[in-house]
Amino acid sequence: MSANTTPTGPRAGTAAELPQGPVAPSDTPVPAALSAIPAAPVTGEPEVPRYAPQWLQLREPADAAARAHDLLDPLRIRLANRPGRPTGLVVHDLGCGTGSMGRWLAPLLDGAQQWVLHDRDPYLLHFATVGAPRAAADGSRVSVTTQRGDIGRLTPDALAGASLVTASALLDVLTTDEIDTLAAACVGAGVPALLTLSVVGRVELTPAHPLDREIGEAFNAHQRRGELLGPDAVDAACEAFGRLGASVRVRPSPWQLGPRQAALTEEWLRGWVGAAVEQRPDLVARADTYLRVRLAACAAGELRVVVHHSDVLALPRPTGETS
């Protein structure tokens with residue numbers, strides 16, 4: 001069982017557009033508990049993992065509090081000065097999950113907005129569509145359409161007419177090739193990218209415990225399983241965009257979890273330790289005791305956790321602009 005604590009949905013990209021309106025959920029049950037954990041496959045598509053909307057909803061307030069607001073000013077300047085200054089923004093949200101990125105960002109930007117929500121799971125697209133914001137910062141209309149597909153097929157042509165690409169907790173579940181594809185599509189289309197909440201491999205728990213470091217290292221190794229980049233994804237994204245000539249800014253966006261976030265902390269702990277044990281079965285006995293101790297401290301309001309993430313803003317040269 002995977003317990004990556006940050007992705008908001010299956011890998012996303014472009015594909016045929018779904019009909020508008022609610023998408024009926026499949027008969028596949030969705031687990032109530034854990035962290036963007038691939039659970040049951042989407043019906044009829046055995047290769048597509050399902051991500052628990054309950055977890056995505058639980059983490060949404062912590063995500064909103066953590067995202068780096070100081071990246072918004074340079075983003076707003078870029079959007080206000082985009083070539084041709086067309087009316088309204090077209091925003092592509094990759095791996096949208098239940099749509100938390102749109103609910104956070106759309107009300108912070110002025111002007112009419114058309115959000116194109118990308119995810120491989122129609123069940124999550126249903127949640128995102130129903131819960132989409134309706135108004136921008138200045139009261140302008142916000143509307144949504146949906147697309148299904150894989151980020152590995154994202155191209156500059158697919159982003160034609162886009163004003164912005166966004167993603168939340170996506171980079172760390174991608175491979176080097178997928179990040180290169182994402183960067184090439186954005187730079188090729190001259191579209192800025194705001195990529196938030198990628199884990200960077202650092203967790204701080206207070207009070208400390210002797211097993212914290214070993215669990216953390218095993219979890220990081222689990223995130224790097226196969227070809228996934230895990231905590232190396234932010235550096236890989238910065239290199240990929242920079243290599244193609246984009247200006248890149250990185251800001252910290254840590255979760256700050258205390259007694260008021262006890263439910264989130266509990267689920268995060270179960271996923272964090274579970275992934276470590278999956279990676280290192282020899283930890284099972286010690287990790288079981290460790291988890292009981294940590295959950296008891298959480299329930300007593302005595303545990304505080306900082307889960308470090310980074311936000312990336314990549315600003316490619318607009319299409320048609322010459323140096």
Side-chain angles (χ1 to χ4, degrees), residues 2 4 6-32 34-60 63-64 89-107 113-136 141-155 158-159 161-171 173-174 178 181-182 185 193-197:
S2 169
N4 187 307
T6 59
T8 57
R11 298 176 193 174
T14 58
E17 185 171 334
L18 292 173
Q20 294 311 296
V23 179
S26 74
D27 294 330
T28 307
V30 178
L34 212 53
S35 141
I37 294 179
V42 174
T43 301
E45 297 185 54
E47 79 285 0
V48 180
R50 165 143 291 163
Y51 286 67
Q54 294 91 338
W55 164 257
L56 303 182
Q57 293 164 353
L58 183 62
R59 64 173 288 168
E60 186 167 339
D63 287 350
L89 302 174
V90 178
V91 184
H92 288 252
D93 186 9
L94 307 181
C96 69
T98 58
S100 66
M101 186 67 171
R103 286 188 290 275
W104 175 75
L105 183 58
Q113 299 170 38
Q114 173 71 47
W115 281 69
V116 184
L117 307 178
H118 298 255
D119 208 290
R120 293 181 70 184
D121 188 340
Y123 193 21
L124 293 180
L125 286 171
H126 164 69
F127 278 93
T129 301
V130 170
R134 302 304 176 191
R141 182 172 181 265
V142 175
S143 57
V144 301
T145 59
T146 58
Q147 291 188 10
R148 292 180 61 197
D150 194 295
I151 196 171
R153 295 195 295 269
L154 193 65
T155 64
L159 298 178
S163 311
L164 173 66
V165 166
T166 69
S168 188
L170 178 68
L171 291 181
V173 293
L174 300 182
E178 287 169 330
T181 295
L182 170 61
L194 180 62
L195 310 168
T196 68
L197 292 170

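None of the values given here were measured: they were computed from a predicted structure.
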Under 4.5 Å between any side-chain heavy atoms of Leu195 and Leu94, yes or no? no
Residues forming a side-chain contact (heavy atoms from CB on, under 4.5 Å) with Ala106, sequence neighbours excluded: Gln113, Trp115, Pro133, Val142
Test item: Glu60 and Leu56 side chains (from C-beta on) under 4.5 Å apart, heavy atoms: no
Take a 6.0 Å sphere around CZ of Arg141 and say whether it holds more than 12 heavy atoms from other residues, nucleotides or ligands. no
Heavy atoms, side chains only, cut-off 4.5 Å: are Val116 and Gln147 in contact? yes
Under a 3.5 Å distance rule, please check whether Arg59 uses its side chain to pair with a backbone N or O of Gln54 as donor and acceptor. no
Kindly give the heavy-atom pair with the smallest separation between Ser143 and Gln114, and that separation in Å. OG-OE1, 2.7 Å
As an exercise, state the distance from CG of Asp121 to NE2 of His126, rounded to the nearest 0.5 Å. 11.5 Å
When rounded to the nearest 0.5 Å, the distance separating OG1 of Thr181 from CG of Leu174 is 9.5 Å
Does any donor atom in the side chain of Asp93 or Thr166 lie under 3.5 Å from an acceptor atom in the other side chain? yes
side-chain contact (heavy atoms from CB on, under 4.5 Å) involving Ala64 - partner list, sequence neighbours excluded: Arg67, Trp104
Stepwise side chain to side chain contact (heavy atoms under 4.5 Å, CB included) test for His118 and Thr146: CA-CA 6 Å; His118 298 255; Thr146 58; over 6 Å; no
Does the side chain of Val173 come within less than 4.5 Å of Glu178's, by heavy atoms? no
At what distance, to the nearest 0.5 angstrom, does CE of Met101 lie from OG1 of Thr196? 4.0 Å
To the closest 0.5 Å, what do you measure between CG (Leu124) and SG (Cys96)? 7.0 Å
What is the distance from atom CG of Leu197 to atom CG of Leu170, rounded to the nearest 0.5 Å? 11.5 Å
